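Since the structure comes first, as structure tokens, the remarks are kept for the end.
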Amino acid sequence: MDQDSVEALGRLLEEARRIFVFTGAGVSTGSNIPDFRGPKGVYKERPPVYFQEFVASERARSEYWAFKAEGYRAFRDAEPNPAHHALVTLEKLGKLNLVATQNVDGLHQRAGTSSDLLVELHGTNLAVECIECRRRETPDRCMQEFEATAQPPRCPACDGWMKPAVVMFGQALDPSRLGKAQSCSRSADLVLALGSSLVVTPAADLPLAGVRAGAKYVIINQGATPHDRLATLRIDGDVVDYLATAVGRL
Ligand SMILES: [Zn+2]
């Protein structure tokens with residue numbers, strides 16, 4: 001780690017009172033969650049199923065459930081890492097405006113980030129929901145049913161199709177989640193973009209709302225991002241190491 005960067009990060013965190021945090025896959029790779037879109041991402045080998053195909057085709061539904069069932073145990077057993085815990089520390093220090101995450105692993109919630117300070121932009125793998133009546137439950141029943149029968153599970157209330165409560169390709173982000181994140185970004189005095197390549201819009205535009213309103217901007221990511229020239233502090237490195245070290249010194 002570059003010590004000047006750790007110290008600069010520490011100073012910005014020390015001064016900040018209202019931090020908007022935007023997290024991506026790089027925050028979760030330290031918890032052994034695969035990065036789906038990165039250079040070695042799962043999607044490079046296995047094209048995603050679109051929501052419209054899921055609705056229209058039995059084959060697509062089976063393919064999607066098989067993909068989700070494969071990854072389910074890894075998600076269920078993953079543990080939060082020091083980056084997730086560092087964000088809980090910022091909350092306890094009263095410095096946190098919001099955590100808006102692109103991740104669907106539920107690890108911010110599991111680490112202890114309060115639900116009113118957390119927006120899961122792309123949903124969560126820790127729940128399944130009916131595409132018709134939106135009934136939600138934990139995934140166990142559906143996963144067991146799919147593994148036993150290889151049939152995509154149906155809703156016990158309305159017989160609609162169940163699916164993991166994540167935003168699929170071809171589905172829009174929830175406007176109320178997006179709106180809350182935008183407003184918390186705009187009212188922030190510091191924006192942290194952590195472990196995201198900042199290319200998947202509209203989510204990746206969220207930090208810019210705060211930056212345009214005058215917030216300082218820290219980007220920690222391995223590899224370049226399209227926002228780099230806007231950053232007050234740009235760290236190319238492991239977000240878990242940098243964030244946990246700087247927050248640990250507060
Ligand atoms: Zn239903």
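Both ligands and their constituent atoms are indexed starting at 1 by order of listing. For clarity, every value in this text was computed on a predicted model and none was experimentally measured.
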Worksheet entry | Nearest non-hydrogen partners of Glu120 and Arg177, listed with the distance |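 Glu120 and Arg177 have their closest heavy atoms at O-NH1, 3.1 Å.
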Worksheet item: Under the 3.5 angstrom rule, does the side chain of Asp236 hit a backbone N or O of Gly223 as a donor-acceptor pair?
Response: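 The answer is yes, because a donor-acceptor pair under 3.5 Å joins these two groups.
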Worksheet item: Donor-acceptor pair, Ser196 side chain versus Thr23 backbone, under 3.5 Å?
Response: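 Such a contact is absent between Ser196 side chain and Thr23 backbone.
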Practice prompt. Output all residues satisfying side chain to side chain donor-acceptor pair (under 3.5 Å) with Ser5, sequence neighbours left out; order by chain, then residue number.
Written response: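 Ser5 satisfies side chain to side chain donor-acceptor pair (under 3.5 Å) with Asp2 only.
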Worksheet entry | side chain to side chain contact (heavy atoms under 4.5 Å, CB included) partner of Ile19, chosen from Leu192, Leu98, Leu87 |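 By the side chain to side chain contact (heavy atoms under 4.5 Å, CB included) criterion, Ile19 pairs with just one of Leu192, Leu98, Leu87: Leu192.
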Practice prompt. Answer whether the closest heavy-atom distance between the side chains of His84 and Ser28 falls below 4.5 Å.
Written response: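 Yes. Closest side-chain heavy atoms under 4.5 Å.
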Practice prompt. Tell me the protein N, O or S atoms under 2.8 Å from the Zn ion (ligand 1), in chain and number order.
Written response: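 Counting only protein N, O or S atoms under 2.8 Å from the Zn ion (ligand 1), the list reads Cys130 SG, Cys133 SG, Cys155 SG, Cys158 SG.
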